[in-house]
> 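Sharing a structure below in structure tokens format, with a few things to ask.
Since we're looking at a predicted model, the values are computed, not measured.
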Amino acid sequence: MMRMHDVVVVGGGSVGVFAALLLARQGVDVAVWERRAAPPELSRAIGIHPPSLRAFEAVDLADEIVAGAVRITDAEARGSGRTLGRLGFGKADSRYPFVAARPQSETERLLRARLESAAPGSLRRGVELRSLEQSSEHVVLHGVGPDGPVEIAARFVLAADGARSTVRRLLGISAPVVERGDHYAMADVRDDTGDGDRAVVSVERAGVVESFPLPGGVRRFVVATDAPAENVTAETVVRLVTERTGLPLDAATSTMTSAFSVRTRLATSTVAGRVVLLGDAAHQISPIGGQGMNLGWLDAQAVVPVVRQALRRAGGRRLDPQAFARYEEARGRSARRAARQAQLNTVLGRPCGPVASAVRQNGLRVALARPTARLLAATYSMRFA
């Protein structure tokens, strides 16, 4: 007979592991299937916002995450060699008046270690989902692992398997992709800027340059590019940064390079019977603004109490068709709001002519000098997520 779990999580990245950890810490029998045989080393996401830090308190991880992070307490907008204004996060959250910056790979490592402690052996690597079948009382998942075919059953399934979600495809849920031709390249290099723990956004005619401090005297630079940056090099990123801002950087100190094109992909539904989509499987948005990973963690935090309540109905065998309705509605609003904000961030960073550039810079100067700055700080630290 197949092993029957309370919950199976498909996807062992940061969102899936956090969801599994929350469940395991509350006594739920959980298993995780992860297609990748080894943890990824590339860290695109770095910002951990206050609502996520509050969520991590439930698994006793907030202090440990903050201890190894750079605390970004403010951000500065620049343009044409001038400071346009500053945004302070000191009043955005009473407990965490900052955004914690550390590589995603490190955060995932902490989450995996905590999950292994709470539910030893629950994370199974190298297992790829091939099909699933729902019945009135449970879901059966079929996959292929290192030793051949595997089957597992669960009362509920949480799908955190990314933007190209296999679960979403198997359920027949559409997620139209919107691309507007925005492309970026990024590199982590030694921080020779003198900007300390401050984030900096330079809105230049040739395209935006963003930079964020990381632990170990490293700074991440993100630059808008005219076309997809295939085989991006640190030399390319450093050249663009220097051309637009005048900052002298050393490409030889680079520890990471990457590139991405902006896509928005919102699933038309995030709940199908006993299966719930989380994170990028439910809503892929622009990385500009650093909301995506955090949205997934907040999905997990919101869905766990709903799953626990559903498991109390005849041990999870009886499913109220409306059990996840309020969850889906609330998280859908958050995703759409984040997508709109991400699109605005992207538009503000596009190349433009001299007149449009002057208008954009003056608009930022006015916005950052008025009481609206406090609202902007709350928005960018995801207070409303």
Side-chain angles (χ1 to χ4, degrees), residues 6-11 13-23 26 28 30 32 49 51-52 54-55 58 129 132-139 141 154-178 263-285 291-313 316-343 382-385:
D6 291 332
V7 179
V8 168
V9 178
V10 179
S14 65
V15 173
V17 171
F18 180 53
L21 177 55
L22 285 170
L23 290 164
Q26 296 181 44
V28 176
V30 63
V32 183
H49 294 271
S52 296
R54 286 177 175 264
L129 176 69
L132 58 80
E133 303 155 2
Q134 292 202 61
S135 73
S136 61
E137 294 191 352
H138 61 266
V139 185
L141 299 91
R155 299 300 177 195
F156 297 95
V157 172
L158 301 182
D161 54 342
R164 296 181 177 86
S165 170
T166 297
V167 174
R168 188 182 65 221
R169 175 178 57 80
L170 292 172
L171 293 172
I173 296 174
S174 64
V177 179
V178 178
R263 295 180 180 87
T264 301
R265 189 182 337 226
L266 301 180
T268 55
S269 175
T270 58
V271 177
R274 294 175 172 272
V275 183
V276 183
L277 307 180
L278 310 179
D280 283 354
H283 40 68
Q284 180 189 17
I285 63 173
Q291 300 178 96
M293 180 172 63
N294 291 268
L295 271 179
W297 287 330
L298 298 178
D299 288 348
Q301 180 190 38
V303 80
V304 163
V306 184
V307 170
R308 288 195 67 206
Q309 184 175 2
L311 285 168
R312 295 190 187 104
R313 292 174 61 89
R317 293 187 300 278
R318 287 206 312 259
L319 175 63
D320 177 358
Q322 297 300 309
F324 294 94
R326 294 173 68 181
Y327 160 84
E328 182 176 33
E329 181 182 357
R331 298 312 299 158
R333 284 197 304 269
S334 292
R336 291 189 293 272
R337 183 166 53 239
R340 288 193 296 269
Q341 181 183 324
Q343 176 59 20
M382 297 187 70
R383 181 174 176 180
F384 309 115

> Look at the side chain of Trp297 and the backbone N and O of Ser14, then say whether any donor-acceptor pair between them is shorter than 3.5 Å.
yes

> How far apart are the C-alpha atoms of Gln284 and Thr264, what are their side-chain angles, what is the distance that settles it, and do they pass the side-chain hydrogen bond (donor to acceptor under 3.5 Å, both in side chains) test?
CA-CA 5 Å; Gln284 180 189 17; Thr264 301; over 6 Å; no

> How many angstroms lie between CG in Leu311 and CZ in Arg317, if you round to the nearest 0.5 Å?
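Between Leu311 CG and Arg317 CZ, I get 11.0 Å after rounding to 0.5 Å.
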
> For the atom pair CD1 (Ile285) and CG (Asp280), what is the distance rounded to the nearest 0.5 Å?
8.5 Å

> Is a side-chain donor or acceptor of Gln341 paired with a backbone partner of Gln291 at a separation under 3.5 angstrom?
no

> Should Arg274 and Leu319 be marked as a side-chain contact (heavy atoms from CB on, under 4.5 Å) after you check the CA-CA gap, both sets of side-chain angles, and the distance that decides it?
CA-CA 8 Å; Arg274 294 175 172 272; Leu319 175 63; 3.6 Å; yes

> I'd like to know if the side chain of Arg168 reaches the main chain of Ala281, judged simply by a donor and an acceptor atom lying under 3.5 Å from each other, with no hydrogens or angles considered.
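Flag set: sc Arg168 to bb Ala281 pair under 3.5 Å.
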
> Just wondering, are more than 12 heavy atoms of other shown residues or ligands nearer than 6.0 Å to CD in Gln309?
no

> Is any NZ, NE, NH1 or NH2 atom of the basic residue among Asp6 and Arg155 found under 4.0 Å from an Asp or Glu carboxylate oxygen of the other?
no

> Report the C-alpha separation of Val7 and Val157 in whole Å, then their side-chain angles, then the decisive distance to 0.1 Å, and conclude whether the side-chain contact (heavy atoms from CB on, under 4.5 Å) test is met.
CA-CA 6 Å; Val7 179; Val157 172; over 6 Å; no

> Distance check, rounded to the nearest 0.5 Å: Glu133 atom CD versus Leu170 atom CG?
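It is 10.5 Å, given to the nearest 0.5 Å.
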
> side-chain contact (heavy atoms from CB on, under 4.5 Å) between Val303 and Arg331: does it pass, once the steps are laid out?
CA-CA 9 Å; Val303 80; Arg331 298 312 299 158; over 6 Å; no

> Do Ser174 side-chain atoms and Pro176 backbone N/O form a donor-acceptor pair below 3.5 Å?
no

> Carefully, step by step, assess Val178 and Arg263 under the rule side-chain contact (heavy atoms from CB on, under 4.5 Å).
CA-CA 6 Å; Val178 178; Arg263 295 180 180 87; over 6 Å; no

> Would you say His283's side chain and Gly279's backbone share a donor-acceptor pair under 3.5 angstrom?
yes

> Is atom CZ of Arg164 surrounded by more than 12 heavy atoms (other residues, nucleotides or ligands) closer than 6.0 Å?
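It does not: Arg164 CZ has 12 such atoms or fewer within range.
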
> Nearest 0.5 angstrom please: Leu158 CG to Leu277 CG, how far?
9.5 Å

> To the nearest 0.5 Å, tell me how far Gln322 CD sits from Tyr327 OH.
15.5 Å

> Using a 3.5 Å distance criterion without hydrogens, assess whether the side chain of Asp161 forms a donor-acceptor pair with backbone atoms of Val10.
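A pair under 3.5 Å: no.
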
